[in-house]
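What follows is a single structure, written as structure tokens, with notes after it.
These figures come from a predicted structure and were not determined experimentally.
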Amino acid sequence: ELGTPAETARVVVTARAVPDVRGLPTRAAVRELHKAGFRVQLVRGGAAEQVPAAGTMLRSGSLVRLANDR
């Protein structure tokens with residue numbers, strides 16, 4: 001016997017492009033990345049940078065690191 005539909009449903013995970021948030025204030029950049037379905041980690045850095053780069057295809061929920069000069 002199969003379980004309930006919720007137990008047997010497949011979760012489809014699609015890749016999506018990382019948005020380009022360079023040049024945005026940190027708060028706005030984090031908001032855009034969250035809206036796109038990514039997790040965000042802020043790291044200290046001398047230049048505004050994002051890893052992986054804008055346009056990289058990642059699964060929803062993947063981690064994007066933002067360098068912050070503050």
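Without hydrogens or angle criteria, Arg16 side chain to Ala36 main chain gives a donor-acceptor distance under 3.5 Å.
When side chains are defined from C-beta on, Leu58 does not count as touching Leu63, because their heavy atoms never get closer than 4.5 Å. Contact check for Val64 versus Val21: no side-chain heavy atoms found under the 4.5 Å cut-off. Within the 4.5 Å cutoff, the side chain of His34 has heavy atoms near those of the Val40 side chain.
Scanning all heavy atoms of the two residues, the minimum distance from Gly37 to Ser60 falls at O-OG, 3.4 Å. Nearest heavy-atom pair, Gln50 versus Ala54, reported as atom, atom and distance to 0.1 Å: NE2-N, 3.3 Å. Among all heavy-atom pairs drawn from Val18 and Phe38, the shortest one is CA-CE1, 3.9 Å.
When each of Leu24, Val43, Val51, Leu33 is checked for a side-chain contact (heavy atoms from CB on, under 4.5 Å) with Leu66, only Leu33 meets the rule.
Identified under the salt bridge (charged side-chain N to carboxylate O under 4.0 Å, His left out) test for residues 24-34, with sequence neighbours left out: Glu32-Lys35.
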